[in-house]
Amino acid sequence: MIFANPSSPEKTSERLQPTGWLRYFSFSLDHKVIGLQYLICGFIFYLIGGSLASAIRVELTSPISDFMARDVYNQVLTLHGTIMIFLWIVPVVNGAFGNYLIPFYVGARDMAFPRLNAVAFWLIPPAGLMLISSYFITGAAESGWTAYPPLSITTPATGQIIWIISVLLLGGSSIFGGINFIATILKLRQPGLKLMQLPMYCWAMLGTSILVVLSTPVLAGTLILLSFDIVAHTGFFNPSMGGNVIVYQHLFWFYSHPAVYIMVLPAFGLVSEILPVHCRKPLFGYTTMVYSIMAIVGLGLVVWAHHMFTSGTPPWMRLFFTIATSFIAVPTGIKFFNWVATLWGGKISLNSAVLFSCGFIINFVLGGITGVALAQVPFDVHVHDTYFVVAHFHYIVYGGSVFVIFSSIYHWYPKFTGRMLNENIGRLHFVLTFIGFNLCFAPQHWLGLNGMPRRVAEYDPQFTFVNQLSSAGALLMALSTLPFLWNVINSAMNGPIAGDNPWRALTPEWLTSSPPPVENWEGKAPLVNEPYGYGRSTKNPKSPNDGERDTK
Amino acid sequence: MPVPKTILAIFSGAIAVAAGIWIGQNVNLLPIEASENAPVYDELFRVLFSIGTVLFVGILGLVVFSLIKFRRKSGDSEDGIPLEGNLSLEIFWTAVPAVVILFVGIYSYDIYDRMGGMNPLAHGASHDHQAIATQERVWGGIGSGSISDKADSTISPLPIEVTAMQFAFLFHYPEGDIISGELHVPTGRRVNMRMESKDVIHAFWVPEFRLKQDVIPGQPTILSFTPTKPGRYPIICAELCGPYHGGMRSTVVVEKPSEYEDWFNKNSKIPVLET
Ligand code: HEM
Ligand SMILES: [Cu+2]
Ligand SMILES: [Cu+2]
């Protein structure tokens, strides 16, 4: 096993690799190339998943099932959920930004295991293509992203098996990534850089990777058992053969609740990097931020049964999971207050990165509030499996994670490409996305409370108008992608040159050229002990970490 | 004379709290209340809605205010204040959510108990419901609670066996050996349902009753409720169960006891015995 040793000139990424655009199609070992591969690949899947979402919203403009066949609707629904989670948010907030940033943040020239890293990425495109192609071969899986048996055992087997294999591959990719991040953060840190001096995103990725490594194998095992039930007619989860369907739900959610933190903890980390730079202030409450991440990791492992309150769980179990789930709101709340305190008294640039980050704060607070309500058993028995839950988790995964992904793209694009994005188009993108998103999902709370279940292609006609409102919001969200796409493509060729550090940021990825050279720094890696040392300049003209700057 | 900042802050905080509470108490987002635990549910809902609105409006206000107040003036390239933290503030905003959560937890426990959630098996299980009285493992939904006990003392609960299948519900009344696709229940009398699925997982949901319970193959589940308001309400399957899941609906007809009696006698296959 070879560790990239930052202080020696030893090379871990091979020099003899394609350069130019071709390297993005190669088995490159450069963490920056792999990061961008994750990002672009994820975005392509986002466009596919988004088209499926639009198809769902078109079907729901009328109360009858008229746009697509009922089984196709369920396939579209299943593909949408699976793609958005396993091929867009998880790979992008972890794989893309993690690979690009973590080696910089620990002062390394690459990840701990560059080959494993490339393998982890190259598992994703085939898994994704396989998943999507299943639709054209025999029809995709149609039992939802949760694949509850016995439905998943009785629906057409081929689609379900392909679904299982894809998710297993994606889970494997995720585990490889997680191991790599843990090793890189703990073992490749530059001498002289203490754990409590790391940028917050490192802590978020450390916590997330622990969750990945602990919980993803459980999902893998569960899905393998499920596949036995489907192909070999075993009876693990098949009640007609004495199996137990509730056991599947416990195993599934033991992974899939942590999975929601796998989607959102890295986003918390990214926001913690973005806000201080554009507010010109230190991140407020570094230490409590670290502890709250770790508290979320710990609690996040023991709340899974809040997805099963109506599954016939015994009262003591309902109570335990209510309490554990509610308490997650405390460390989560700390982080939000700390971000607001980071804004307070700053010199905030109202650019697209900040707008998307603040949009995230607002959306996520609403999603967190409905989350705490859902954690209360008596509240949940009415709204479980309704559009209220759909609204809750879209406020979290879209209003939270996806807003942060956009914010991060606006923030790091100059580093990725060496060019600036157009800020006016960026703000337009924000306004359209924010309005479209809220118009799409806020009314769904009401739908759920008043009797619309989730995962249906037809519904009570009294809900027609509100569903059309929601679909109009979805249309706006779809349209908002266009200015964004134009912006990133056009700016890559014609944007103004960014320079090394357009935001005057202090974290290490900015202390090198844009885009950075293959091994990150031409000379010695800078030692950054104060990644958030803003505001010293007035008292002390020498800004923190100054002497360390790479002189190439 | 300029108003001191703290007074202004306290004042705007008070307005946010008052607005939140008013909205939570006065904006109704819920359908008709048609069972005994619906008003209890709505009480919990209004409290959570109030707290949620206060928190949301508060944070929204702080973020928007900061973005406006602290935005960078053009040409200003200074940094903000080098404030890295404040222990007492951080303790404060750890403690406040913790207290709110504690309150919400205890309060919702109380609500849950009043709905009968804490003893779904103890009560309804033993008397007059043969199926439940047997030794098989029955997993609970919301059961019989203190509210229902009042009704309980005079009238015995109405047992109903529910079978769910792709894509319909069947209701069997052991007392009259009636099988019906529509659920008929009288007001003011507790209904004890024992549910089982023939194929995949379904869920029994009546929004106007604020109740939902999965109907599971191979594992009976129970649900008790006491209807209060006559009317026809939808029964909705809430668990994805196949292509026609969206169409898997039925109706619960809540009737005055005399009307229910008529319906029952008309359909009963067991002759009514003289009492
Ligand atoms: C304050 C923190 C949160 C609490 C208390 C909370 C609570 C809950 C509860 C109780 C449910 C189950 C509702 C039901 O099915 O009846 C739920 C569903 C869900 N939550 Fe959260 N949640 C929180 C944060 C999050 C986060 C951070 C994410 C993702 C990034 C998330 C994503 C989801 C998803 C995807 C579902 C639906 C899963 C499904 O049934 O398909 N939640 N949440
Ligand atoms: Cu969860
Ligand atoms: Cu169904």
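Since the structure is predicted, the reported quantities are computational estimates derived from the model, not experimental observations. To find a chain, count down the sequence lines: A is the first, B the second, and so on, and within it residues start at 1.
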Segment of [X] engaging chain B (4.5 angstrom heavy-atom cut-off):
{"X": "Pro149(A)", "answer": "backbone"}
{"X": "Asn450(A)", "answer": "both"}
{"X": "Tyr73(A)", "answer": "neither"}
{"X": "Val354(A)", "answer": "side chain"}
{"X": "Ser292(A)", "answer": "neither"}
{"X": "Gln462(A)", "answer": "neither"}

Between [options], which residue shows the highest count of heavy-atom pairs closer than 4.5 Å to chain B?
{"options": "Phe327(A), Tyr459(A), Tyr286(A)", "answer": "Phe327(A)"}
{"options": "Val72(A), Thr386(A), Thr342(A), Thr154(A)", "answer": "Thr386(A)"}
{"options": "Asn338(A), Thr155(A), Val340(A)", "answer": "Asn338(A)"}
{"options": "Thr287(A), Ile334(A), Ile323(A), Ile153(A)", "answer": "Ile334(A)"}
{"options": "Met308(A), His278(A), Lys281(A), Lys347(A)", "answer": "Lys347(A)"}
{"options": "Leu355(A), Val245(A), Leu366(A), Asp71(A)", "answer": "Leu366(A)"}

So what's closer than 4.5 Å to chain A heavy atoms on [X]: side chain, backbone, both or neither?
{"X": "Val104(B)", "value": "both"}
{"X": "Leu240(B)", "value": "both"}
{"X": "Asp199(B)", "value": "backbone"}
{"X": "Glu84(B)", "value": "both"}
{"X": "Phe65(B)", "value": "side chain"}
{"X": "Ile201(B)", "value": "both"}
{"X": "Glu208(B)", "value": "neither"}
{"X": "Leu44(B)", "value": "side chain"}
{"X": "Ile236(B)", "value": "side chain"}
{"X": "Trp205(B)", "value": "side chain"}
{"X": "Leu30(B)", "value": "both"}
{"X": "Tyr41(B)", "value": "side chain"}
{"X": "Leu67(B)", "value": "both"}
{"X": "Pro234(B)", "value": "neither"}

How about Tyr291(A): does its OH atom have over 12 heavy atoms from other parts shown lying under 6.0 Å from it?
-> no
Heavy-atom closest contact (Glu239(B) atom, Asp385(A) atom, distance) | OE1-OD2, 2.9 Å
Identify which of [options] forms the greatest number of heavy-atom pairs closer than 4.5 Å to chain A.
{"options": "Lys73(B), Met248(B), Arg210(B)", "result": "Arg210(B)"}
{"options": "Cys237(B), Ala95(B), Gly247(B)", "result": "Gly247(B)"}
{"options": "Thr94(B), Ile111(B), Val206(B)", "result": "Thr94(B)"}
{"options": "Phe45(B), Phe209(B), Tyr244(B)", "result": "Tyr244(B)"}

Could you tell me how the ring of Phe463(A) sits relative to the ring of Trp446(A): parallel (under 30°), tilted (30 to 60°) or perpendicular (over 60°)?
-> perpendicular
Counting distance only, does the side-chain N/O of [X] pair as donor-acceptor with the main-chain N or O of [Y] below 3.5 Å?
{"X": "Ser152(A)", "Y": "Ala147(A)", "answer": "yes"}
{"X": "Thr322(A)", "Y": "Ala375(A)", "answer": "yes"}
{"X": "Gln166(B)", "Y": "Val200(B)", "answer": "no"}

Does the distance from a Lys or Arg side-chain N to an Asp or Glu carboxylate O, for [X] and [Y], drop under 4.0 Å?
{"X": "Asp460(A)", "Y": "Arg249(B)", "answer": "yes"}
{"X": "Asp110(B)", "Y": "Arg114(B)", "answer": "yes"}
{"X": "Arg70(A)", "Y": "Glu458(A)", "answer": "yes"}

Candidate pair Val377(A) and Asp380(A), rule side-chain contact (heavy atoms from CB on, under 4.5 Å), full reasoning = CA-CA 5 Å; Val377(A) 183; Asp380(A) 187 60; 5.7 Å; no
Residues Tyr534(A), Trp503(A); criterion ring-ring contact (aromatic ring centres under 6.0 Å, His included); working and verdict | CA-CA 12 Å; Tyr534(A) 300 98; Trp503(A) 311 125; over 10 Å; no
Check whether the side chains of [X] and [Y] place a donor and an acceptor atom closer than 3.5 Å, and report yes or no.
{"X": "Asn351(A)", "Y": "Ser349(A)", "result": "no"}
{"X": "Arg455(A)", "Y": "Thr146(A)", "result": "yes"}
{"X": "Tyr107(B)", "Y": "Glu43(B)", "result": "yes"}

Would Phe364(A) and Phe336(A) count as a close aromatic pair, with their ring centres under 6.0 Å?
-> yes
Are Trp344(A) and Phe70(B) an aromatic pair by the rule of ring centers under 6.0 Å?
-> yes
Is any side-chain heavy atom of Arg232(B) less than 4.5 Å from a side-chain heavy atom of Val252(B)?
-> no
